[in-house]
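Accompanying notes for the structure given below.
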Amino acid sequence: MSFSRMSSLPPVRLLGSLHQQQLPGPTTFPVCMPRRAMGGYRRPGQPKDNTPPWKKINFDFSKGVAGIKKHFTLLKTEFFDRLAGPDGKPLMEFMLEQNRVIWEFRGPESLEQWTVSSDREIGGQSEAYVKLGKNNTCFLYGTLCSTPPRDGETRYSGYCTLRSKPPLSSFDRKKHLDWTTFNTLHLRVRGDGRPWMINIATENYYSHQKDDVYSYFLYTRGGPFWQDVKIPFSKFFLAHRGRIQDNQHSLWLDKVNAIGFTLGDKADGPFQLEIDFIGIRRDYAHIEEFAYELYKRNPEV
């Protein structure tokens with residue numbers, strides 16, 4: 001039956017004629033397209049983990065009781081801190097505060113607030129470790145290797161990262177750090193002369209912004225002497241997975257989640273970085289709001 005004759009048929013007879021004979025065509029496409037396997041990304045060469053999710057959960061009654069006590073203690077602390085003032089301090093003291101230590105390392109429990117990662121997670125050969133130093137400091141050390149894994153996919157490798165865990169309030173609710181009354185990051189570090197990258201992560205409102213961080217450089221001198229590093233927040237620039245973004249804006253100081261230190265200078269060999277404390281301060285001599293040029297999305301004609 002020709003197409004001209006089929007077009008003149010009623011809709012019911014047209015459907016019947018389509019069932020009786022197949023329309024001519026170069027290719028017949030399947031109705032059901034193959035679906036991609038659900039689950040997390042698995043790098044080539046790694047075996048698939050078929051363990052059910054419920055088997056990965058550690059069911060422990062004593063652990064549950066300890067967790068309940070911990071969260072109710074945090075809830076009690078939050079309630080009484082709000083009665084005293086912001087962050088548990090009187091309002092006048094909070095407004096006139098000029099220096100605040102956010103992270104310090106005075107015991108093994110302080111290292112539980114940090115996580116260490118390297119390119120070994122993607123098949124690389126770099127190694128990174130953290131321990132408590134002799135002077136109650138955070139001692140980050142390891143070996144950097146920029147040789148990419150032989151998986152046929154990864155082209156670049158060689159990084160090590162130390163990152164703080166996001167703060168949580170009672171019952172694992174999100175808790176943001178508010179640094180709006182300060183304008184400078186203050187660190188006391190001792191390195192081996194390598195350049196590091198300081199990354200500050202803030203709250204993201206969209207899923208595609210989960211890898212956005214505000215970065216700036218940390219140049220260590222090397223040697224036995226400590227150095228006090230003071231970096232204004234206006235110097236931090238927006239980056240996404242190591243790429244500097246064209247659309248820049250200042251750091252959101254009211255919703256800070258974490259801070260991290262990344263080494264990726266492609267200089268293979270051992271490294272070390274010792275951190276005494278990480279704090280923030282208010283520098284009245286610094287009046288710069290943002291150090292980089294801002295572009296208008298809709299410029300005026």
Side-chain angles (χ1 to χ4, degrees), residues 86-87 89 93-106 110-111 113-114 130 132-133 135-141 160-167 176-203 212-239 242 244-245 248-265 271-294:
D87 293 337
K89 302 177 182 178
E93 180 182 349
F94 178 81
M95 295 177 60
L96 299 178
E97 187 179 17
Q98 298 185 13
N99 297 276
R100 182 189 301 178
V101 176
I102 306 298
W103 292 280
E104 59 181 350
F105 308 91
R106 299 298 179 261
S110 59
L111 296 180
Q113 305 176 5
W114 298 80
V130 63
L132 195 65
N135 301 322
N136 286 334
T137 57
C138 175
F139 191 75
L140 176 64
Y141 65 99
C160 295
T161 301
L162 175 67
R163 183 185 176 97
S164 64
K165 295 181 181 179
H176 307 296
L177 302 176
D178 188 2
W179 296 351
T180 52
T181 57
F182 303 90
N183 60 2
T184 305
L185 181 68
H186 186 193
L187 308 94
R188 189 168 187 261
V189 298
R190 180 166 58 180
D192 55 358
R194 284 175 175 260
W196 290 74
M197 183 74 74
I198 302 180
N199 304 314
I200 298 179
T202 60
E203 179 65 17
D212 289 357
V213 293
Y214 298 86
S215 306
Y216 198 71
F217 309 100
L218 171 64
Y219 299 100
T220 58
R221 301 196 207 115
F225 301 104
W226 290 90
Q227 61 180 118
D228 287 328
V229 181
K230 301 174 183 178
I231 305 175
F233 291 131
S234 60
K235 303 293 184 182
F236 284 83
F237 52 86
L238 179 63
I244 303 176
Q245 301 299 295
Q248 293 287 329
H249 55 81
S250 57
L251 175 63
W252 293 346
L253 295 175
D254 58 336
K255 293 185 180 299
V256 177
N257 287 340
I259 190 173
F261 301 85
T262 302
L263 176 65
D265 57 354
F271 66 89
Q272 65 179 30
L273 178 66
E274 194 172 0
I275 306 174
D276 186 14
F277 67 86
I278 303 172
I280 50 179
R281 67 192 304 266
R282 181 188 302 174
D283 187 3
Y284 291 98
H286 183 77
I287 58 176
E288 183 182 50
E289 295 183 0
F290 195 57
Y292 310 102
E293 184 176 0
L294 299 178

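One-based numbering along the sequence shown.
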Beyond-backbone contact of [X] with [Y], side-chain heavy atoms, under 4.5 angstrom:
X: Leu185; Y: Ile280; answer: yes
X: Cys138; Y: Leu162; answer: yes
X: Val213; Y: Met197; answer: no

Looking at [X] and [Y], would you say the former's side chain and the latter's main chain have a donor-acceptor pair under 3.5 Å?
X: Thr220; Y: Arg194; value: yes
X: Arg281; Y: Phe182; value: no
X: Gln248; Y: Leu238; value: yes
X: Asn183; Y: Asp283; value: yes
X: Thr202; Y: Lys255; value: no
X: Asp192; Y: Gln272; value: yes
X: Gln227; Y: Arg221; value: yes

Exercise. Please check if any side-chain donor atom of Asn199 sits under 3.5 Å from a side-chain acceptor atom of Ser215, or the reverse.
Key: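 Result is yes, a qualifying pair exists.
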**Donor on one side chain, acceptor on other, Asp178 and Thr180, under 3.5 Å** =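 Indeed, the side chains of Asp178 and Thr180 share at least one donor-acceptor pair under 3.5 Å.
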From [atom1] ([X]) to [atom2] ([Y]), nearest 0.5 Å:
X: Phe261; Y: Leu273; atom1: CZ; atom2: CG; result: 7.0 Å
X: His186; Y: Ile278; atom1: NE2; atom2: CD1; result: 11.5 Å
X: Trp179; Y: Arg100; atom1: CH2; atom2: CZ; result: 9.5 Å
X: Phe105; Y: Leu111; atom1: CZ; atom2: CG; result: 7.0 Å
X: Arg106; Y: Asp276; atom1: CZ; atom2: CG; result: 5.0 Å
X: Gln98; Y: Thr181; atom1: CD; atom2: OG1; result: 10.5 Å

Where does the angle between the aromatic ring planes of [X] and [Y] fall among parallel (under 30°), tilted (30 to 60°) and perpendicular (over 60°)?
X: Trp252; Y: Tyr214; answer: tilted
X: Phe236; Y: Tyr216; answer: tilted
X: Phe217; Y: Phe237; answer: tilted

If I compare all heavy atoms of [X] with all of [Y], which pair ends up nearest, and what's the gap?
X: Lys235; Y: Ala291; value: CD-CB, 4.0 Å
X: Ile231; Y: Val229; value: CG1-CG1, 3.7 Å
X: Leu263; Y: Phe271; value: CD2-CG, 3.5 Å

Could you go through Ile200 and Phe233, starting from their C-alpha distance and side-chain angles, then the distance that decides it, and tell me whether this counts as side-chain contact (heavy atoms from CB on, under 4.5 Å)?
CA-CA 10 Å; Ile200 298 179; Phe233 291 131; 4.1 Å; yes
Measure from the ring center of His249 to the ring center of Phe290 and say whether it is less than 6.0 Å.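 No, the ring of His249 stays outside the 6.0 Å limit from the ring of Phe290, centre to centre.
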Worksheet entry | Steps toward side-chain contact (heavy atoms from CB on, under 4.5 Å) verdict (His176, Asn257) | CA-CA 6 Å; His176 307 296; Asn257 287 340; 2.8 Å; yes
| message | Could you check whether atom CD of Glu288 has more than 12 heavy atoms from other residues, nucleotides or ligands sitting under 6.0 Å from it? | response |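 Atom CD in Glu288 is crowded, with more than 12 foreign heavy atoms closer than 6.0 Å.
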If you count every heavy atom of other residues, nucleotides or ligands that lies below 6.0 Å from Phe225 atom CZ, does the total exceed 12?
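No, not enclosed.
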Exercise for review: Check step by step if side-chain contact (heavy atoms from CB on, under 4.5 Å) holds for Trp226 and Thr137.
Suggested key: CA-CA 12 Å; Trp226 290 90; Thr137 57; 3.8 Å; yes
Problem set entry | Verdict with supporting geometry, Ile275 and Leu140, side-chain contact (heavy atoms from CB on, under 4.5 Å) | CA-CA 8 Å; Ile275 306 174; Leu140 176 64; over 6 Å; no
